[in-house]
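Bear in mind that the values here come from a model prediction, so they are computed numbers and not experimental data.
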Amino acid sequence: MSGKTLAGIFLTTLSTLLFEIDLASRFVLTTGHHFASLVVSTAMLGLGFAGVLLSLFPAFLEKIKWEHGALLLGLSYPATTALSGFVSFDPVRLEWDVWELLRLFAYYPLFGVPFFLSSLVLTGIMKKHSAFAWKVYFADMAGAAAGGALWLFASHYKNLPTLLCALSAVAASVLLGRTASIKWKAALGVAVMLLTSPFLAPKISLYKELSQYEMYGNFRILDSIRGPEGRVDTVASPYLRHAPGLDPAFGEAVPTGTGIFFNGGLYAVLPHKPSDYLLHLPSTLPYRFQRPGKTLIIGANGITEAEAAVRLGAGSVKILEEKKILVKAIEKSGKGRYELTGGNPRLHLYGSSGAYDLISVPVVSVGEGVGTSVLSENYLLTTQFMRLCLEKLNDGGILAASVPLLPPPRGETRLLRLIAEMEPSGWQNTAAFRSWGTFHVVYKKGGFAGSDVKNLASIADELSLDPVYYPGLRKEDTNRHNIFKEPVYYDAVRKLRSREEALFNTSPASVDSPFFENYVRISKLPETVRALEGRWLPVLTGGGMDVVILFQAGLFSLVLLVLPLAARGRNGKATPFGDLFYFLMLGAGFMMVEVAFIQKGILYLGGAVNAAALVIPVLLGTSALGGLFSKRLKTGFFVPAAVAGLVGLAAVCLKYWGYATTRSAISDGLIFLSIVSVCGFSMGVPYPLALREIGERSNPSVPWCMAANGFASVVGAASAPLLAYFAGFSGALLAASLLYLAAAVMIPRSSSRELRHGHP
């Protein structure tokens with residue numbers, strides 16, 4: 001086997017994984033969510049369909065020229081990327097058109113094409129060089145690891161990831177070439193790629209703020225920064241004014257500012273000049289109530305709050321922003337009289353030696369509460385993070401947090417419960433107020449003393465804020481400034497405290513299930529839809545979207561993987577049910593672990609796409625090593641049972657490790673990737689081991705087993721987020737552990753029984 005062939009495999013796999021990760025990053029930019037389950041299930045669907053096609057028509061494989069397949073692969077990357085703009089799914093349109101979900105169907109056949117072509121090339125090479133399978137595996141997985149690393153570099157440049165995907169595949173076609181004409185064909189392919197490059201930019205939703213301001217005119221993008229964390233645009237517009245929850249009694253004009261847009265959504269506005277409007281924002285409530293000496297604001301979207309805090313006499317004001325790309329953009333625009341630094345809030349609080357007088361988790365942009373961004377994992381609005389903040393407060397210090405006001409009460413009451421129930425006496429230490437667009441919770445460490453509550457209520461009244469809760473609040477004192485027909489927020493809190501059965505899920509989010517906006521109760525679905533006046537978007541973004549993805553993935557898997565084989569027939573002895581069941585369990589279990597690790601990795605690796613770029617190569621690479629190790633083993637109960645035990649142990653470790661930290665981002669990341677590696681190595685053993693054993697029996701059921709594994713992989717990838725929403729990441733991993741255990745139980749009834757009767 002030549003080095004050129006190995007290099008061709010390396011580049012083919014590199015381009016495929018680079019495309020997979022870039023696809024997730026495009027979803028983040030266009031829809032606000034990474035859709036890891038959709039991306040992974042699409043990849044597995046394309047790969048699985050190639051396997052089914054070649055198992056049904058083995059003669060077709062002999063006619064495929066590797067170099068032509070790789071060249072088509074290279075052309076498919078820019079082609080599918082450009083075409084995706086015409087069928088782009090826009091979650092905001094779900095607010096009035098539930099049929100928008102049909103656009104998701106188009107993603108599977110469209111983005112599945114590159115994965116299908118990649119599988120054709122790699123399968124053809126594997127068949128010809130099966131004697132060197134370990135070399136093929138090594139080149140394959142090394143390319144996957146390199147693809148993840150390359151994306152981290154390429155993401156800084158516009159359209160570069162897609163072009164690198166295409167160029168890598170075209171280079172692979174030259175290396176794999178067995179005909180003299182491949183070089184000029186490759187040159188033609190490069191020319192086509194360059195011509196299509198202007199059409200590769202992601203299509204940002206018309207309903208995202210960046211697109212909205214662009215329509216107003218006199219719009220200028222002053223600077224644009226790209227990176228693994230996302231895209232940041234610094235924008236100038238005469239219409240850029242941002243004052244969430246501003247006191248309606250404030251009679252002056254809000255000055256314009258420089259806009260900071262993150263992935264198309266308005267994140268912060270840097271005021272051009274000082275203005276009194278800053279002092280009339282609801283975020284000034286805790287600073288008016290108790291002038292802090294040392295303040296920490298978590299998130300650069302709290303810039304206006306920081307400016308107001310300085311004007312109100314706060315001692316030192318520090319803004320801590322986890323996304324360093326945002327820090328870079330703001331510093332280039334000029335910052336105000338506060339300290340702005342980048343860093344992980346969790347690690348910063350663990351590592352800080354001193355304590356704060358006030359810690360604030362400010363309101364996100366109202367625009368970020370629209371669309372699928374609410375599906376995103378939020379590790380700040382969790383019980384563990386709020387308790388950590390409380391530990392880092394001085395006695396009598398203030399913890400403040402806020403979210404958008406989006407009736408009917410859901411996230412607002414969840415935030416209140418999250419903070420108020422940190423301690424047994426927490427409700428006595430808590431107060432909550434609302435403006436016309438924001439909801440604010442104030443928690444005093446040690447409790448309110450004397451006339452504190454009265455003073456706080458008086459300040460809120462000056463800012464035209466309506467009290468929602470504080471100890472001793474009367475119903476007649478609510479709903480006076482920003483009037484609802486009924487005091488719905490007061491009533492919601494009253495029901496919450498009396499433990500009445502609520503329409504929405506308000507249980508506090510945790511690091512094991514950090515989906516703050518997942519409030520839908522399946523048992524209350526009809527009442528929920530009625531309460532939302534027929535609007536399906538909040539239901540879909542509260543967990544329903546993954547039900548849709550699971551249904552679509554299952555449907556496509558059935559049509560493309562199972563039905564073709566069923567229609568063709570099996571031409572031989574019946575496939576043992578145990579064999580099929582075994583491969584179904586392996587496929588579903590593996591992909592559930594992969595997707596759960598990607599989502600959990602956000603906490604330790606910094607961002608969804610970063611997590612995908614690191615978890616996928618590590619998991620696949622260690623699985624390849626496990627596959628090589630499988631040559632030394634025999635099929636039996638112990639192998640999948642051992643995998644089940646290790647995955648279950650990982651679930652327990654990640655659940656109880658939780659927010660504990662080594663106080664180092666690098667150490668945390670290495671520990672997490674070590675857990676991924678151990679699981680990956682073990683999960684790489686059962687699949688090739690079972691295929692080898694079945695092949696040694698000369699059993700014609702191999703294609704059926706591979707198809708079953710492909711079908712289950714697609715469904716497993718789509719079901720993992722759903723399990724994480726309702727049972728946490730540990731629940732998803734434990735479910736995968738049970739699947740491997742089920743596979744272990746079935747082995748004595750199928751393959752291992754035949755092995756005991758004379759097969760090695």
Task: Heavy-atom side-chain contact between Arg346 and Leu603 under 4.5 Å - done: yes
- [ ] With the side chain counted from C-beta on, respond yes when His481 and Leu463 share a heavy-atom pair under 4.5 Å apart, and no when they do not.
- [x] no
Open item on the list: Can you give me the closest heavy-atom contact between Arg414 and Asn505, atom names plus distance?
Closed with: NH2-ND2, 3.5 Å
Task: Non-hydrogen side-chain atoms of Leu465 and Phe439 separated by less than 4.5 Å - done: no
- [ ] Say whether, by atom type as modelled, one donor and one acceptor occur between the side chain of Tyr443 and the main chain of Ala401 under 3.5 angstrom.
- [x] no
TODO: Give, for atom CG of Leu266 and atom CG of Asn301, the distance between the pair rounded to the nearest 0.5 Å.
DONE: 10.0 Å
Open item on the list: If the threshold is 4.0 Å, N to carboxylate O, is there a salt bridge linking Arg291 and Asp357?
Closed with: no
Task: Heavy-atom pair of closest approach, residues Leu399 and Cys389 - done: CD1-CB, 3.9 Å
TODO: Name all pairs fulfilling the salt bridge (charged side-chain N to carboxylate O under 4.0 Å, His left out) condition that reach into residues 460-469, sequence neighbours left out, sorted by first residue then second.
DONE: Arg434-Asp466, Asp461-Arg480
Task: Basic-acidic side-chain contact under 4.0 Å: Glu486, Arg494 - done: no
Open item on the list: Is it the case that the side chain of Ser155 and the backbone of Arg226 share a donor-acceptor pair, with hydrogens and angles ignored and the cut-off at 3.5 Å?
Closed with: no
Task: Close side-chain approach of Val232 and Lys328, heavy atoms under 4.5 Å - done: no
Task: Exercise: identify the closest heavy-atom pair between Pro362 and Ser402 - done: C-OG, 3.4 Å
TODO: Look at the side chain of Asn429 and the backbone N and O of Gly426, then say whether any donor-acceptor pair between them is shorter than 3.5 Å.
DONE: no
- [ ] Measure the shortest side-chain to side-chain distance between Pro248 and Asn482 over non-hydrogen atoms and say whether it is less than 4.5 angstrom.
- [x] yes
Task: Stepwise side chain to side chain contact (heavy atoms under 4.5 Å, CB included) test for Leu456 and Lys444 - done: CA-CA 11 Å; Leu456 189 61; Lys444 185 172 182 180; over 6 Å; no
TODO: Assess whether atom CZ of Arg241 is packed by more than 12 heavy atoms of other residues, nucleotides or ligands within 6.0 Å.
DONE: yes
Task: Inter-residue atom distance Ser237.OG - Met215.CE, 0.5 Å rounding - done: 12.0 Å
Open item on the list: Any side-chain to backbone donor/acceptor pair from Asp233 onto Val235? Under 3.5 Å, distance only.
Closed with: no
TODO: Could you tell me how the ring of Phe261 sits relative to the ring of Tyr213: parallel (under 30°), tilted (30 to 60°) or perpendicular (over 60°)?
DONE: perpendicular
Open item on the list: Nearest 0.5 Å, please: how far is CG in Leu279 from CD in Glu307?
Closed with: 11.0 Å
Task: Value rounded to 0.5 Å, distance of OG1 in Thr413 from CZ in Arg497 - done: 14.0 Å
Task: His348 and Thr341: CA distance, side-chain angles, deciding distance, side chain to side chain contact (heavy atoms under 4.5 Å, CB included) verdict - done: CA-CA 11 Å; His348 175 84; Thr341 185; 5.6 Å; no
- [ ] Quick one: sort the Phe484 and Tyr489 rings into parallel, tilted or perpendicular, breaks at 30° and 60°.
- [x] tilted
Open item on the list: Between His242 and Val254, is there a side-chain heavy-atom distance shorter than 4.5 Å?
Closed with: no
- [ ] Applying side chain to side chain contact (heavy atoms under 4.5 Å, CB included), run through Phe289 and Ile398 and close with a yes or a no.
- [x] CA-CA 10 Å; Phe289 168 64; Ile398 296 293; 4.0 Å; yes
- [ ] Keeping the roles fixed (side chain from Arg231, backbone from Phe262), state whether a donor-acceptor pair exists under 3.5 Å.
- [x] no
TODO: Output yes when a side-chain donor or acceptor of Thr284 lies under 3.5 Å from a complementary backbone atom of Tyr287, and no otherwise.
DONE: no
Open item on the list: Determine whether a donor-acceptor pair (N or O, by modelled atom type, separation under 3.5 Å) exists between the side chain of Gln290 and the backbone of Gly396.
Closed with: yes
Task: Backbone N/O of Arg410 and side chain of Glu412: donor-acceptor pair under 3.5 Å - done: yes
TODO: For the residue pair Glu305 and Ser360, confirm or rule out a side-chain donor-acceptor distance under 3.5 Å.
DONE: yes
Task: Backbone N/O of Asn263 and side chain of Lys208: donor-acceptor pair under 3.5 Å - done: yes
Task: Stepwise side chain to side chain contact (heavy atoms under 4.5 Å, CB included) check, Val269 with Thr304 - done: CA-CA 8 Å; Val269 174; Thr304 52; 5.6 Å; no
TODO: Taking all non-hydrogen atoms of both residues into account, name the closest pair between Tyr277 and Pro255 and its distance.
DONE: CD2-CD, 3.5 Å
Task: Passing option when Phe385 is tested against Leu349, Val511, Leu418 for side-chain contact (heavy atoms from CB on, under 4.5 Å) - done: Leu349
Open item on the list: Just verifying a value: how many Å separate Ser510 OG and Phe729 CZ, rounded to the nearest 0.5 Å?
Closed with: 9.0 Å
Task: Separation between OG1 of Thr258 and CD1 of Ile330, rounded to the nearest 0.5 Å - done: 11.0 Å
Task: Flag side-chain contact, heavy atom, 4.5 Å: Phe515 against Gln599 - done: yes
Open item on the list: Please find the pair of heavy atoms, one from Leu605 and one from Ala611, that lie closest to each other, and give the distance.
Closed with: CD1-CA, 3.9 Å
Open item on the list: Counting C-beta onward and ignoring hydrogens, is there a side-chain heavy-atom pair between Asn218 and Tyr216 closer than 4.5 Å?
Closed with: no
Task: Heavy-atom donor-acceptor pair, Glu321 side chain to Lys323 backbone, under 3.5 Å - done: yes
Open item on the list: Minimum heavy-atom separation for Phe504 and Pro409, please, with both atom names.
Closed with: CD1-O, 3.5 Å
Open item on the list: So for atom NZ, which belongs to Lys294, do other residues, nucleotides or ligands contribute more than 12 heavy atoms lying within a distance under 6.0 Å?
Closed with: yes
